[in-house]
Peer 1: 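My structure is below; once you've seen it, I'll send some questions.
Note: hydrogens, waters and symmetry copies are ignored here, and every other heavy atom, side chains too, is used. The first residue of the sequence shown is numbered 1, and numbering continues consecutively from there. Atoms within each ligand, like the ligands themselves, are counted from 1 in listed order.
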Amino acid sequence: MKNKTKKLSIIALIVAVIILLPFFIYNASLGKGMPADSVENSASLNKDVIYQIVTDRFYDGNSTNNPTGDIFDKEDLKKYHGGDWQGIIDKINEGYFTNLGITALWISSPVENIMTIDPSNGASSYHGYWAKDFFRPNPAFGSLKDFQNLVKTAHENGIKIIIDFAPNHTSTVVADDVVFTEDGALYRNGELVATYSKDENKYYNHEKWASHNSYENGIYHSLFGLADLNNLNPEIDTYLKEAIDKWLALGIDGIRVDAVKHNSFGWQKNWISHIYENKAVFVFGEWFTADSHSDKNMTKLANDSGMSLLDFRFANATRALFTDDSFTMENFYEVIEETASDYDEVNDQITFIDNHDIARFASIVDGDEKAVELATVLLLTSRGIPAIYYGTENYMRGEKDPENRADMDFPPTTSRLSKIIRKLANLRRRNYALAYGTTKKIASNDDAIVFGRYFGNDAVIVALNRSKTETYEFKDLYTDLLSVPSQDYTNVLDDLLDNSGKNDYIISNKDTLVERIILEPQSAIVLAHTNGDFEDSTVKEESLIGDVSPSMGIAGNTVSISGKNFGKFKGKVFVGGTKAKILSWSDTLINISIAKGIEAGKYQIKVEPKKGKIIEAKADFEVLSAKQIPVRLIINNAECEAGAKVYMLCQSQAQYEKTGDKISEHISENPDEMNFEQDPEKEALIKKFTGPLFNETKSIAVYPSWFYDISVPVNTDMKVRFVKINPYDEIIEASDYFDFSTGEEAETFTFDWK
Ligand code: NOJ
Ligand code: CA
Ligand code: CA
């Protein structure tokens, strides 16, 4: 009897397994991932709209933490005003940001700052840029518990938290005849680490105020008197890595890095790589420029350091468009085209029209609300990730700092601009063309433009006229819109910026033609498919990669690949030729882990969906061979003829043994003549060089010594060779090979050319 029961239960078990097996197999092959626009996708911000907050000026949610004494005065724009994290929490709970369509907040640096007045300018540290202890919260903004509550509340409401962070300096210390009581001191969890005036350990750079006359000068000199940290000092490097770890552990989703023009490329790359080892968050830096054209050092940082940049070129072009008649819409579009070719990932740069360091947009257009609205339409529909400065939605005015940082003036009712922002932020989430699309001009004149954004079958057509007097009519526009019935396209902005009643956007079925668009003065139209995302079961849609973030990393790091139509079931992902481990998979987002053993270098990422053909990412992913440290290389006695400069090629022994360096083969025989013969091999070689090296920083090295800070793998045997290159790009001399081995922390290596 007993045996019979046993047999029966075994049979029942087998039957159950047979019945359930397909279910298990089905489940195992399901990606079970999150969508690209999930708040948990901290690696990429493409689907987000950022809102920039000066924490002290936004909302005071807890008056008990307000500073006392001379640093607090609500009537003085240079003093603390009481805004804090609780205030931001209150506004999240009220739905203020959600009603605006905002999904990411960039807040002031959260770290403890000096709490005394800067005697040189009478200002307090309300802005958060005068750090004292990067491990402790600024008590005026709240406690660590408040910060955690902020992150939690934000996440519960689908909002990411991006912190400002300033690893370049502490507080002000350099000015003639002024005594700074704080002495630029640096603390760690309340314990003194260093002071500027007694700096035996070289924790700071001790150069005068930056004149900004060269890249080098801006990096190692003091920015407006701020105590410049010596990031190449191993203790400072470790301090800054562990400090950012602390804030990452508190759940932040992104970092805006302050003053990236004033830190060396090498140190930053090493620090950012450390961040990505810890967590795949989105990092963007502030390279301040008043120009809308390229700067090669800036572009290099955006493309090769692993972080994106705030897109000052876009901001300056947009500001010129609405304030300078001689800067035409065609000029604006030139900047769109140039940036698309300069940046490896133009859709990952952070666009804006105003911020806390420049006059507010409403001020530069003298309160012209329509102009603010039109510029915001351009901001929210152009390539890049848009950031809206607090108060712009309410047309707040304010000239230069600190007038541009006044207390937030909340709109009494939803402003027209708030409605515009909400509509376009929502469109960004639904329509992939805004997040990942390319840009194409369809028509333009001096004042008006019609352009399209395209990603697969998704498209958005933007038509905008800046003129205050002229009406323009554009006819027969071939838009590349998908050929579907015209009634499926609408003006997402309704009549907010076009109430002419003349536009019916007649879209012809067959040839994707918009027959006519009439643009009255200061009007705009944003045409998109009714559902935002183009979904039509009768039209086969391809799979497409929109973004890969972060853009560099070491084995074991998480990387997120976002896009469209990856399918429900797990497929495969390759980094170069190597298969990656898939951590999660959804139709719009794949998270992978970088496999071990891939050689350092740049690789294309490919996705092979379960169904459909292999698709490729546009920009390369940089695999780093190991954890990074910053290293300073100094070469002494490198005299150069006039105009020539020293560069270097630094590689691991292993890399060198594989490929050599080919430098000797390209040393010029006629160095004084421009060589008109194109030599692609030589050109490729020159691109690999780092430099020109620096030679004007007294406390580090001056000519005929040269130096440079680079990011290199830990515990690795390295080989470096220096070369002199003349203004005709001719290699005129090469040094011997020098060998050195890295350890586990920042180090300086000095060599002699002779
Ligand atoms: C750039 C910031 O945006 C600015 O406000 C600040 O004063 C400097 N960096 C120094 O931190
Ligand atoms: Ca307060
Ligand atoms: Ca610096």
Peer 1: Using the rule ring pair (Phe, Tyr, Trp, His ring centres under 6.0 Å), only one of F312, F165, F352, W106 pairs with F284; which is it?
Peer 2: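 When ring pair (Phe, Tyr, Trp, His ring centres under 6.0 Å) is applied between F284 and each of F312, F165, F352, W106, only W106 qualifies.
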Peer 1: Does atom NZ of K627 have more than 12 heavy-atom neighbours, drawn from other residues, nucleotides or ligands, at distances under 6.0 Å?
Peer 2: no
Peer 1: Show the atoms of ligand 1 that are less than 4.0 angstrom away from any heavy atom in H356.
Peer 2: 2 (C), 3 (O), 5 (O)
Peer 1: Within the 4.0 Å heavy-atom shell around H169, which atoms of ligand 1 are there?
Peer 2: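 Contacts of ligand 1 toward H169, numbered from 1: 10 (C), 11 (O).
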Peer 1: Looking at Y126, does the NZ or CZ of K79 lie under 6.0 angstrom from its six-membered ring centre and within 45 degrees of the ring axis?
Peer 2: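 No cation-pi geometry.
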Peer 1: Which residue owns the protein heavy atom closest to atom 5 (O) of ligand 1, what's the atom, and how far is it?
Peer 2: D357 OD1, 2.7 Å
Peer 1: Provide the atom name of the closest N, O or S atom of H262 relative to the Ca ion (ligand 3).
Peer 2: O
Peer 1: Using a distance threshold of 3.0 Å, state whether an N, O or S atom of S222 lies below it from the Ca ion (ligand 3).
Peer 2: no
Peer 1: Please tell me whether F180 and Y196 form a close aromatic pair, meaning their ring centres lie under 6.0 Å apart.
Peer 2: no
Peer 1: Compute the ring centroids of H262 and Y215, then answer whether they are less than 6.0 Å apart.
Peer 2: no
Peer 1: Let me see the working for Y390 and Y51 under ring-ring contact (aromatic ring centres under 6.0 Å, His included), right down to the final yes or no.
Peer 2: CA-CA 6 Å; Y390 80 94; Y51 186 88; 7.3 Å; no
Peer 1: Students should be able to answer this: which protein heavy-atom is nearest to atom 11 (O) of ligand 1, and at what distance?
Peer 2: D258 OD2, 2.6 Å
Peer 1: Can H127 be said to touch ligand 1, with heavy atoms closer than 4.0 Å?
Peer 2: no
Peer 1: So, R188 side chain and D133 main chain: donor-acceptor pair closer than 3.5 Å or not?
Peer 2: no
Peer 1: Strictly under 4.0 Å, does any heavy atom of R405 approach an atom of ligand 1?
Peer 2: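 The answer is yes, since R405 has a heavy atom less than 4.0 Å from ligand 1.
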Peer 1: Which residue and atom name correspond to the protein heavy atom nearest atom 7 (O) of ligand 1, and how close is it?
Peer 2: Y129 CD1, 4.0 Å
Peer 1: Can the positive tip of K132 be found less than 6.0 Å from the middle of the six-membered ring of Y187, inside 45° of the ring normal?
Peer 2: yes
Peer 1: When you measure from the heavy atoms of H262 to every atom of ligand 1, does any distance fall below 4.0 Å?
Peer 2: no
Peer 1: Any N/O/S atom of I219 sitting less than 3.0 Å from the Ca ion (ligand 3), backbone or side chain?
Peer 2: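 Yes - counting backbone and side chain alike, I219 has an N, O or S atom under 3.0 Å.
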Peer 1: Verify the ring-centre separation between F689 and F722: is it less than 6.0 angstrom?
Peer 2: no
Peer 1: Sorted by chain and residue number, which protein N/O/S atoms are under 3.0 Å from the Ca ion (ligand 2)?
Peer 2: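 Result, waters dropped: D60 OD1, N62 O, N65 OD1, N66 OD1, G82 O, D84 OD2.
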Peer 1: Which pair of non-hydrogen atoms, one from T318 and one from A375, has the smallest distance, and what is that distance?
Peer 2: CG2-CB, 4.0 Å
Peer 1: Among D291, D342, T299, which residue meets the side-chain hydrogen bond (donor to acceptor under 3.5 Å, both in side chains) test with R313?
Peer 2: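 Exactly one option meets the side-chain hydrogen bond (donor to acceptor under 3.5 Å, both in side chains) with R313, and it is D342.
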